[in-house]
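Heavy-atom basis, side chains included; hydrogens, waters and symmetry copies ignored. Please read all numbers here as calculations on a predicted model, not as lab measurements.
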Amino acid sequence: MDRILMCPPDGYGVNYVINPWMEGQQGRVDLGRARTEWQRLHHEISVRARVELITPPTLDDNLPDMVFTANAGLILEDAAVLSQFRFAERQGEEPRFSRWLESAGFRVITLPGDRPFEGEGDALIQPGQPLLWLGHGVRSSLESAPFVAEELRLEVVPLRLVDPRYYHLDTCFCPLTDGRLLWLPSAFDDASRKVVQQRISADHRIEASERDGELFACNALQLGHDLLLNDCTPALEAALANQNLRVIRCPVPSFLQAGGGVKCLTLRLQQPSVPAKREAACAVRTTQVVLRGHLIDTGLLNQAVSLVADRGLGCRVEKFEPGQRHDQHSIAQLRLTAADPDVLQVVLSELMSLGAQPVDPEADARLEPAPADGVAPEGFYATTIYPTSVRVRGEWSLAEEQRMDAVLVAGGSHGSGVRCALIRDLKQGDPVVCDIAGVRVEPKLVRGREGQDAFGFMTGSASSERRVETAVRELAWEMKKIRERGGRIAVVGGPVVIHTGGGPHLERLVRAGYVQALLSGNALAVHDLESQMFGTSLGVDLARGKGVHEGHTHHLRTINRIRRAGSIAQAVEQRLVTGGLMHACVTSGVDVVLAGSIRDDGPLPDTLMDLVEAQSAYAKALKGCEMVLMLSTMLHSIGVGNMTPAGVKLVCVDINPAVVTKLADRGSLESVGIVTDVGLFLNLLTRELLG
């Protein structure tokens with residue numbers, strides 16, 4: 001006969017708020033009504049199982065939630081894993097439950113350290129199987145999973161709860177006999193839903209509706225073929241009847257005020273038919289990382305913790321040492337716990353881009369040979385924009401040709417060290433770095449005068465509120481410094497530069513030596529050349545802003561003339577083109593790379609229509625650049641952004657805020673978005689630089 005532990009509600013009430021159901025319910029419980037509901041439930045259980053009682057606390061003890069005995073712990077055979085409550089309000093229950101369990105003959109097991117675990121509230125055994133479902137994400141911690149698995153010799157499968165209303169697993173998940181399940185899928189994240197669907201076949205899964213969830217229908221106690229619950233919809237009752245389960249309604253609205261239903265009020269002292277021979281199994285993995293830097297004023301620590309939480313990992317700040325002065329770094333040590341080792345590796349890679357390092361970094365990188373030309377081994381490490389070092393045979397080497405979305409290959413340009421390589425450039429047998437062991441990423445802030453960031457605009461932000469004049473003035477100062485030291489500046493431009501009248505201003509910057517590379521598509525060059533040959537851009541008179549007769553053919557006629565000349569440079573040499581942006585680039589020795597697309601007319605003979613060739617040419621032109629101005633071309637700007645390492649200042653100018661935000665989102669601390677008309681921007685920048 002089933003054995004169930006219950007606690008009379010003598011001390012019950014809602015005295016605090018630790019879940020959404022408690023909001024607005026403080027002091028509103030009718031204790032007499034609650035006693036009546038509890039007694040009815042006690043009767044229904046007593047006719048089907050043996051009920052044992054724990055001495056209840058009084059109202060003065062201020063342990064109002066002790067009535068929810070499901071949270072006392074998890075019991076299997078003679079072992080009882082005692083709960084460790086997350087909230088201090090409930091921690092006073094622990095010694096009372098521990099004493100009762102010991103007196104009842106159970107071997108009480110206490111989890112080591114700070115590992116919240118709230119018993120059958122979050123830990124539910126699948127009847128008849130050596131399988132424990134563990135809810136996490138709100139109350140119980142992932143870190144408790146390996147310990148419980150080992151102590152009870154069970155396979156533990158974690159499920160992440162994402163709806164704060166369903167703060168415990170038993171509020172939305174009820175394992176049933178014969179491998180069946182009653183659950184509310186929307187309470188879980190996508191990964192957990194997939195795990196459940198893989199484990200429990202569709203004909204054995206009974207899905208509760210949102211209304212059933214609110215009625216706490218999943219917070220049910222199965223005794224034989226009877227399912228005791230607060231209430232449910234007729235549709236769910238019919239679905240359960242099809243599974244030969246009879247619904248026994250035991251309304252407990254007074255306890256719903258605290259977020260508890262029928263199952264919450266009961267603890268199984270005897271699990272139904274769990275196999276005697278079992279093996280511990282748990283995929284949960286834990287690791288530690290260290291963050292160093294200006295963690296507070298940059299928000300880096302919050303960013304790291306949020307990233308981990310968003311990916312569904314457990315995160316605990318084990319140590320934090322703040323810098324004692326503004327110029328000193330802070331140090332934080334984080335313990336990360338993941339339900340899936342592969343997810344842990346992904347998150348560690350993302351954290352490394354923020355500067356996180358393993359607590360014990362002294363391990364060589366794992367190298368695996370590329371299985372074929374243009375193919376990386378499974379599990380390869382994907383690079384970021386930040387400087388990356390790799391430990392090979394005990395020595396750290398800084399990777400050459402740093403860029404994002406590449407792989408790391410042992411053996412640099414001189415046969416030693418490490419280099420970044422695109423997957424398509426791999427040769428069979430190349431030793432490729434896999435996983436994150438032996439990899440170190442070093443994000444860098446751009447430091448300027450007096451130890452402060454050089455400019456406020458170099459903060460990865462995008463704003464239409466900030467005065468464009470201020471941003472332009474700061475940008476001009478930086479461009480002057482780059483030119484004075486002989487640095488390189490690249491411009492990535494779209495045809496809007498010409499349409500908005502910005503062509504003459506950009507031409508002046510080229511002739512003044514402020515541009516060393518121009519990267520674009522076919523259109524910018526065509527429209528600039530059209531403006532020199534016909535005075536129009538896409539058939540629109542730039543002086544009057546009006547279309548001209550047969551103007552729609554001008555761009556084709558322009559392309560045809562350049563094709564006849566052989567190239568843009570030859571058109572300049574033949575004096576077919578005597579001014580404009582492309583003329584300035586040719587005569588000033590600027591590197592021009594035009595990457596074509598499927599929509600291009602002609603195209604110009606200079607336009608590279610082979611995508612791989614164009615990417616390589618872009619990358620070559622960007623080498624050594626300290627700044628890139630991105631002017632109204634989202635596609636080319638994002639492509640260039642992916643090719644540039646940290647330390648290159650990226651300035652994206654567009655009238656559409658979404659475009660500049662996309663670039664800032666790549667993670668560079670040196671990128672800025674300026675939301676304005678690109679023609680106006682170039683006018684202001686030229687005036688600031690050249691007067």
Side-chain angles (χ1 to χ4, degrees), residues 283 285 287 289 311 338 340-354 356-358 360-443 593 595 608-624 638-648 666-667:
R285 295 292 182 270
T287 191
V289 298
R311 301 297 189 274
D340 185 331
D342 292 336
V343 173
L344 180 61
Q345 292 297 314
V346 171
V347 174
L348 286 173
S349 295
E350 293 177 310
L351 285 174
M352 287 173 67
S353 69
L354 300 179
Q357 301 296 335
D360 182 13
E362 298 307 310
D364 278 357
R366 181 168 69 86
L367 304 178
E368 289 192 13
D373 289 355
V375 179
E378 196 69 24
F380 65 86
Y381 176 82
T383 61
T384 68
I385 61 175
Y386 299 110
T388 303
S389 298
V390 179
R391 194 174 190 266
V392 180
R393 292 187 291 276
E395 297 292 333
W396 288 97
S397 298
L398 183 65
E400 302 172 2
E401 307 293 338
Q402 186 66 47
R403 59 160 294 166
M404 71 184 297
D405 297 335
V407 297
L408 295 166
V409 179
S413 57
H414 301 292
S416 60
V418 178
R419 60 185 170 88
C420 291
L422 296 176
I423 289 178
R424 66 171 181 250
D425 294 331
L426 289 174
K427 300 299 182 185
Q428 184 175 5
D430 279 348
V432 177
V433 175
C434 293
D435 298 329
I436 61 169
V439 179
R440 186 167 60 200
V441 181
E442 301 175 7
V593 183
L608 302 175
M609 298 304 293
D610 183 295
L611 175 61
V612 173
E613 181 185 5
Q615 283 185 343
S616 298
Y618 262 38
K620 182 179 179 181
L622 288 166
K623 282 187 178 180
I638 293 174
V640 167
N642 290 346
M643 296 180 187
T644 52
V648 178
R666 71 191 286 271

For the residue pair V407 and A376, what are the closest heavy atoms and their distance? CG1-CB, 4.4 Å
What distance do L408 atom CG and E400 atom CD have between them, rounded to the nearest 0.5 Å? 11.5 Å
Please round to the nearest 0.5 Å and tell me the distance separating atom OG of S616 and atom CG of D425. 6.5 Å
Given side chains that start at C-beta, do those of L398 and T388 come closer than 4.5 Å, heavy atoms only? no
Heavy-atom side-chain contact between V346 and D342 under 4.5 Å: no
Side chains of V392 and S397 in contact at under 4.5 Å (non-hydrogen atoms): no
W396 vs V390, side chain to side chain contact (heavy atoms under 4.5 Å, CB included): CA-CA, chis, key distance, verdict: CA-CA 5 Å; W396 288 97; V390 179; 5.5 Å; no
Using side-chain heavy atoms (C-beta onward) and a distance below 4.5 Å, is Y381 in contact with V432? no
Taking side chain as C-beta onward, heavy atoms only, is V441 less than 4.5 Å from T384? yes
Do side-chain atoms of D373 reach the backbone of Q428 as a donor and acceptor pair under 3.5 angstrom? yes
Could you give me the CA-CA distance, side-chain angles and deciding distance for I423 and F380, then say whether side chain to side chain contact (heavy atoms under 4.5 Å, CB included) is met? CA-CA 10 Å; I423 289 178; F380 65 86; 3.9 Å; yes
Indicate the atoms forming the closest heavy-atom contact of C420 with E401, along with that distance. CB-O, 3.3 Å
Of the non-hydrogen atoms in L426 and A421, which two are nearest, and what is the gap between them? CD2-CB, 4.5 Å
Minimum heavy-atom separation for P371 and P377, please, with both atom names. CD-N, 3.7 Å
State, to 0.1 Å, how close V375 and A370 come at their nearest heavy-atom pair, and which atoms those are. O-CB, 3.3 Å
Side chains of R440 and P387 in contact at under 4.5 Å (non-hydrogen atoms): no
Expected output: side-chain R419 to main-chain G411 donor-acceptor under 3.5 Å: yes
D405 CG to I385 CD1 distance, which is reported to the nearest 0.5 Å: 10.5 Å
Kindly indicate whether the side chain of R424, heavy atoms from C-beta on, has any atom under 4.5 Å from the side chain of V612. yes
Hey, does M404 have a side-chain heavy atom less than 4.5 Å from the side chain of M643? no
To the nearest 0.5 Å, atom CD of E395 lies from atom CG of D364 at 9.5 Å
When you compare the side chains of Q345 and R285, does any donor N or O come within less than 3.5 Å of an acceptor on the partner? no
When rounded to the nearest 0.5 angstrom, what distance separates OG1 in T644 from CD in Q402? 11.0 Å
Can you check whether G639's main-chain N or O pairs, donor with acceptor, with N642's side chain at less than 3.5 Å? no
